[in-house]
Protein chains: 2
Amino acid sequence: MKKNQKVEDLFLQMKDTSELMVDLAYSALLFNDKKIAEEVYHLEDTIDDLYRRIQRFAVKKTSKKNPDMALALIRLADSIESIGDSAREIADVVLRDIEPHPVVKMSIRESDAVITRVNVLPKSILVNKSLGKLRLASETGMWLIAIRRGRKWIFGPDENTKIKNGDILIARGPEAGEKVLIKAAKGKLRKL
Amino acid sequence: MKKNQKVEDLFLQMKDTSELMVDLAYSALLFNDKKIAEEVYHLEDTIDDLYRRIQRFAVKKTSKKNPDMALALIRLADSIESIGDSAREIADVVLRDIEPHPVVKMSIRESDAVITRVNVLPKSILVNKSLGKLRLASETGMWLIAIRRGRKWIFGPDENTKIKNGDILIARGPEAGEKVLIKAAKGKLRKL
């Protein structure tokens, strides 16, 4: 934990985390996908950690000078954390296999592109290449929305982001693209 | 209210509504934009209405045959509604001008495109044209994420969606594109 990390950065990270949690929770529900639902749980650890850091910042740095400011910061962080909690509840429906599954009949719309989680293996052609070089979106139709690297998350990776061995990629796109991405990540494809 | 509307459709509408509320609440916060924050309030009416309809469906149609199913439906709707509540709390920070505004210093990142709300006037060139014909995204860089038409919302409009006089457009894109869109909606532009 960097001591000088600005509180605004913590808020932006909380925002990104909560948005991804909602996105993944609904995708898990639509596709009845337990792997995606599990990612919501991973993200909850991240958001809880950020929440505690904002609380600590608010109490330490602002409360003496400005108690209202401290309360406003905590209240805002609390609202963002609640979004994460609700997303986790939705993921729960998928993970716990609550029977009868209330959304089994939820028809997938054409606009609901597949969301997928893939593990990048050492021999994959993706390893150590930047997204700009790989042109993943134009070659496969799959849009990389986040990367989990150990306990760290990269939200909205850009053309300079390099994929590493062991990365967990969270991507969205057509089913055909999903198949190509899975093969590429496993090292079963030499060219996208 | 259509009697035969399927419960799955109600859930999909709740999902879309909650996602848009989160999106708009954060945009309102980042850009300190009261007009966008107000849209979150409008959407809360929509989500509350859907929530009540799902509850009514669950109790009437499923509870005798299958009380667990009814509870599962209500619990899921409850989680989705909570996302909307949290989004509204975030919009509150902007609307109530809670001082000192905790996010005044929240630096806008380059990736945070402007989100805007524009009112389509009768003399606008947009009126009665489909998005496919207008090519709004390619001409202006502005991506239409939703349309509010009276009390009705159109989420994720497609190329066949026609813009009508009086529509409220919610769009995202670069600042330069926002200016063009506002002029076009006001009827001050004869060509995109």
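Below, chain A is the first sequence line, B the second, and so on; all start at residue 1. Worth saying up front: this structure is predicted, and the values here are computed from it rather than measured.
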So with a 6.0 Å cut-off around [atom1] of [X], is the heavy-atom count from everything else above 12?
{"X": "Lys129(A)", "atom1": "NZ", "result": "yes"}
{"X": "Lys133(A)", "atom1": "NZ", "result": "no"}
{"X": "Lys183(A)", "atom1": "NZ", "result": "no"}

### Task
Only counting residues at least two apart or in another chain, list the ones meeting side chain to side chain contact (heavy atoms under 4.5 Å, CB included) with Arg135(B).
Ser138(B), Glu139(B)
Would you kindly confirm whether [X] and [Y] end up in one hydrophobic cluster when ILVMFWY residues are joined by side chain heavy atoms under 4.5 Å apart?
{"X": "Leu24(A)", "Y": "Trp143(A)", "result": "yes"}
{"X": "Met14(A)", "Y": "Leu76(A)", "result": "yes"}
{"X": "Leu134(A)", "Y": "Ile154(A)", "result": "yes"}

### Message
Give the interface residues of residues 77-86 of chain A toward chain B, defined by a heavy-atom separation under 4.5 Å.
### Response
Ser79(A), Ile80(A), Ser82(A), Ile83(A), Ser86(A)
### Query
What is the distance from atom CD of Glu8(A) to atom CG of Leu30(B), rounded to the nearest 0.5 Å?
11.5 Å
### Query
Which distance, rounded to the nearest 0.5 Å, do you find between the CG of Asp23(A) and the CD of Glu19(B)?
6.5 Å
### Query
Looking at side-chain heavy atoms only, is the closest gap between Lys15(B) and Leu29(A) below 4.5 Å?
no
